[in-house]
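Keep in mind the model is a prediction, meaning the values are calculated, not measured. Proteins get letters first, then strands, A, B, ... in listed order; numbering begins at 1 in each.
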Amino acid sequence: MFLLSSEQSWLRIDLSLIIAWGLCLVQCRNSKMAAEEKEARLEKMRHSAAHVMAEAVQSLFQGTKFGIGPAIEDGFYYDFELPRALVPDDLPTIEAKMKEIIAANAAFAKEEMDKAKALQFFSDQPYKLELIEELPDETVTIYRQGSFVDLCRGPHVNSTGNIGAFKLTSIAGAYWRGDEKRPMLQRIYGVAFDTQAELEDYLARLAEASKRDHRKLGKELDLFSLHDEAGPGLVHWHPKGALVREIIEDFWKKEHRKRGYDIVYTPHIAKVDLWKTSGHWDFYRENLYSPMDIEGQEYIIKPMNCLGHILMYKTQLRSYRNLPLRWAELGTVYRYERSGVLHGLARVRGFTQDDAHIFCRPDQLEAEVTEVVQLACFMLDTFGFHDYELLLSTRPEKYAGTIQSWEEATEALRKVLQCLELGYTIDPGEGVFYGPKIDIKLRDALGRLWQGPTIQVDFNLPQRFDVNYIGDDGSEHQVVMVHRTVLGSMERFMACLIEHYAGAFPVWLSPVQAVIIPIADRHLDYAHHLAGELREGGMRVQVDDRSERMNLKIREAQLGKVPYMLVVGDKELDSSTVSLRLRNGEDLGSLTASEFMSRVKSVIEARVPDKL
RNA sequence: GCCCACAUAGCUCAGUCGGUAGAGCACGUUCUUGGUAAGAACGGGGUCACCAGUUCGAAUCUGGUUGUGGGCUCCA
């Protein structure tokens with residue numbers, strides 16, 4: 001890592017290394033520590049690989065200006081300003097040069113340099129100068145290997161020969177210091193591991209993961225589509241995808257009613273003045289679509305569902321006795337998203353939030369948030385997600401409300417997370433302008449995180465819209481509003497769900513739970529009769545009555561990830577049974593329709609992800 | 001929006017040096033009635049994303065537009 005933070009973090013790193021070594025010496029490390037140690041070692045090696053890549057680029061391109069080049073998960077990157085745009089063909093050339101440098105096995109030499117000298121030394125490197133100027137200390141460290149010298153905090157491997165197997169994977173544009181107002185540099189990403197075998201294993205896993213891509217599976221399984229003609233980021237749900245969505249929504253509604261939510265509907269457009277009052281017109285303008293004129297009045301399509309709920313709340317005087325009110329809506333919203341960020345179902349321009357707004361008294365906030373977090377965890381758990389991250393986002397630079405109210409609400413959220421003993425990290429300054437929030441992020445097939453459930457405290461809207469209740473003292477008090485989703489949006493949730501199961505949905509979610517496969521036309525009547533019986537029992541069943549061979553029908557059901565295949569031929573017809581094949585390839589032989597039904601019913605009721 | 005790449009039949013993809021396009025699957029018709037992952041034959045289907053330009057001639061070269069992919073920034 002580069003010297004971007006204080007001397008204290010230097011110390012921390014060095015100490016942690018010394019401690020790690022010490023523990024190693026007394027041989028009391030357990031596997032977790034061994035893993036951490038390996039991670040630290042890999043990070044050092046990957047960071048060194050970034051330096052080697054920089055040296056290779058320097059030797060290939062005159063006048064390269066260097067940005068930063070850290071280790072990242074599985075690899076490294078380095079940002080450069082180059083005389084020309086990189087093309088994919090450049091990567092093998094750079095790789096070859098890197099291999100030469102590694103073969104030369106030059107030592108990584110650390111040097112200290114005082115700041116003034118460093119400024120002189122890096123005088124033709126504007127980005128490095130900027131970094132040096134921001135460093136608090138009077139001396140900086142540089143690392144030298146071969147002909148390449150870089151400003152760097154270290155640590156590094158001893159010499160370039162200690163770099164393991166690596167591969168440069170992609171080139172990308174990246175703004176200097178992540179600021180879109182600053183120059184865009186060219187970033188080269190690479191991956192690096194100790195051994196060639198580990199590298200190949202990683203690349204194989206990557207290829208495997210891309211088979212789970214929801215965009216690919218969405219097409220293959222006929223779940224949804226997006227269309228140039230309709231516009232980017234606008235999802236069309238095909239019957240099977242719509243069915244999965246409907247099952248999720250039905251489940252969602254039932255679970256909400258159980259927990260004291262009421263379900264409401266609000267319109268998709270509203271007068272723009274409403275959004276001016278709310279602050280969205282000022283704070284959220286860049287995500288709003290242009291107003292449309294209706295009889296001389298300007299309307300916009302809603303980017304959020306909250307305002308409708310507020311208007312409904314205000315149709316009556318509300319007593320403290322009647323709070324909290326929990327109003328839920330599967331509300332479809334439209335937001336302008338910049339074209340470069342759209343991604344299948346995971347990031348779109350029109351989506352349906354599984355939204356709800358809780359209007360409560362301040363003293364109820366903690367209990368309400370607790371229940372919402374529990375509900376979100378219950379939902380994720382039910383759908384089979386166990387690997388997610390909780391984040392507590394605190395007050396941003398631009399905020400509404402008083403510092404005191406922010407602190408109280410943030411403290412309430414923190415307390416909830418602690419009481420529930422959920423591991424979480426703080427995301428400083430990442431709250432919404434109207435209040436702090438808890439976000440839950442889900443992983444897609446490639447390990448990228450997507451924000452799903454979110455729980456946001458809001459001080460702004462109750463104040464702007466005078467959202468009040470009559471307290472036990474007979475006077476008006478402002479409510480606290482909680483905006484929350486427990487899935488996120490139907491679109492993004494579906495994306496994560498598809499990737500999580502690689503398209504093989506658990507039985508309760510499968511759009512087609514069973515395909516009946518008659519062997520010959522004379523079994524068609526029996527097949528349709530069976531289908532009727534199973535449908536009567538609530539199953540989603542299809543009969544593959546084409547005049548195709550059984551093998552083809554099995555193959556297609558298998559590729560369609562249908563959990564159960566019921567083969568019926570003479571034998572089954574005679575004995576009034578079905579021959580059951582599972583999508584994992586298992587052949588369970590024959591059983592009666594009712595035996596099959598009771599098996600499936602128990603699987604469905606349990607909602608166990610991987611059981612058939 | 002920005003950087004790089006890509007766009008050929010419904011889908012997955014070939015298409016050499018610039019000379020008016022091909023496969024497999026899917027679809028249609030016919031034959032086949034087959035016991036646990038692809039039965040066979042024949043047939044229909046393309047303004048090579050769109051708009052310009054260069055050229056005797058463009059899927060192919062150039063520019064622009066739209067869309068897609070990987071990043072960056074931003075977010076459910």
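Taking side-chain N and O atoms only, A/Arg338 has no distance below 4.0 Å to OP1 or OP2 of B/C74. Within the 4.0 Å cut-off from OP1 or OP2 of B/A37, not a single side-chain nitrogen or oxygen of A/Gln558 is found. In this structure, A/Tyr284 does not reach the B/C75 phosphate: none of its side-chain N or O atoms is under 4.0 Å from OP1 or OP2. Look at A/Gln186 and you won't find any side-chain N or O under 4.0 angstrom from OP1 or OP2 of B/C72. Residue A/Arg215 has a polar side-chain atom (N or O) positioned under 4.0 Å from OP1 or OP2 of B/G69. Side-chain nitrogen and oxygen atoms of A/Arg177 include none within less than 4.0 Å of the OP1 or OP2 phosphate oxygen of B/U73. At least one side-chain nitrogen or oxygen of A/Lys219 sits closer than 4.0 Å to the OP1 or OP2 atom of B/U12.
Look at B/G28: its Watson-Crick or wobble partner, with both distances under 3.5 angstrom, is B/C42. Applying the Watson-Crick and G-U wobble criteria (two distances, each under 3.5 Å), B/C61 pairs with B/G53.
One finds no salt bridge joining A/Glu208 and A/Arg205 here, because no Lys/Arg side-chain nitrogen approaches an Asp/Glu carboxylate oxygen to under 4.0 Å. Ionic pairing of A/Arg443 and A/Glu389 is present here: one or more N-O contacts between side-chain nitrogen and carboxylate oxygen are shorter than 4.0 angstrom. Electrostatic pairing of A/Asp444 and A/Arg212 does not count as a salt bridge here, judged by no charged N lying under 4.0 Å from a carboxylate O. In this structure, A/Glu134 pairs ionically with A/Arg177, as a charged nitrogen and a carboxylate oxygen lie closer than 4.0 Å.
The residue A/Tyr336 sits close only to the backbone: its heavy atoms come under 4.0 Å of sugar-phosphate atoms, none of a base. At a threshold of 4.0 angstrom between heavy atoms, the contacts of A/Ile554 include nucleobase atoms, whether or not backbone atoms are also involved. Among the atoms of the strands shown, none is found under 4.0 Å from any heavy atom of A/Tyr77. In this structure, A/Asp570 reaches the bases: a heavy-atom distance under 4.0 Å links it to at least one base atom across the strands shown. Using a 4.0 Å heavy-atom criterion, one finds that A/Arg583 contacts no nucleic acid atom at all. The residue A/Gly585 sits apart from the nucleic acid: no heavy atom pair falls under 4.0 Å. As judged by a 4.0 angstrom heavy-atom cut-off over every strand, A/Lys437 is placed among residues touching the sugar-phosphate backbone only. Across all strands, A/Gly173 comes closer than 4.0 Å to base atoms (heavy-atom distances). Within 4.0 Å (heavy atoms only), A/Thr485 reaches no atom of the nucleic acid at all. Within 4.0 Å of A/Val87, counting heavy atoms only, lie sugar-phosphate atoms of the nucleic acid but no base atom. Across all strands shown, A/His343 has heavy atoms under 4.0 Å from sugar-phosphate atoms exclusively, and none from any base. Using a 4.0 Å heavy-atom criterion, one finds that A/Gly178 contacts the sugar-phosphate atoms exclusively. Contacts of A/Leu226 with the nucleic acid, taken as non-hydrogen atoms under 4.0 Å apart, are absent. Counting any heavy atom pair closer than 4.0 Å across all strands shown, A/Glu229 reaches no nucleic acid atom.
B/C48 and B/U60: their P atoms are spaced 9 Å apart (whole Å). A distance of about 50 Å separates the C1' atoms of B/U33 and B/G70, rounded to the whole Å.
Each of B/A76, B/C72, B/U68 was ranked by its minimum atom distance to the side chain of A/Val341; first place goes to B/C72. Set against B/G71, B/C11, B/A76, the side chain of A/Ser489 has B/A76 as its closest nucleotide. Closest to the side chain of A/Glu337, out of B/A37, B/C4, B/A76, is B/A76. Of the listed nucleotides (B/U33, B/C72, B/A76), B/A76 has the atom at the smallest distance from the side chain of A/Gln353. Among the nucleotides B/G34, B/U36, B/C75, the one closest to any side-chain atom of A/Arg492 is B/C75.
Other residues, nucleotides and ligands contribute at most 12 non-hydrogen atoms within 6.0 Å of the CD atom of A/Glu73.
The distance between atom CZ of A/Arg335 and atom C1' of B/A76, rounded to the nearest whole Å, is 6 Å. If you take CD of A/Glu548 and P of B/A37, they are 16 Å apart, rounded to a whole angstrom.
Contact of A/Arg581 with B/A37 (side chain to base): a donor-acceptor pair of N or O atoms is detected under 3.5 Å. For a distance-only test at 3.5 Å, the side chain of A/Tyr175 fails to qualify as a donor-acceptor partner of the base of B/G71. Evaluation of atom-type donor-acceptor distances gives a pair under 3.5 Å for the side chain of A/Asp521 against the base of B/U33.
Using modelled atom types, one finds a donor on one side chain and an acceptor on the other under 3.5 Å when comparing A/Thr352 with A/Thr332. With hydrogens and angles left out, the side-chain atoms of A/Arg581 and A/Gln558 include a donor and acceptor closer than 3.5 Å.
Relative orientation of the A/Phe66 and A/Phe80 rings is perpendicular, given thresholds of 30° and 60° on the angle between their planes.
Residue ring and nucleobase are stacked for A/Phe351 and B/A76, with a centre distance beneath 5.5 angstrom and an angle between planes beneath 30°.
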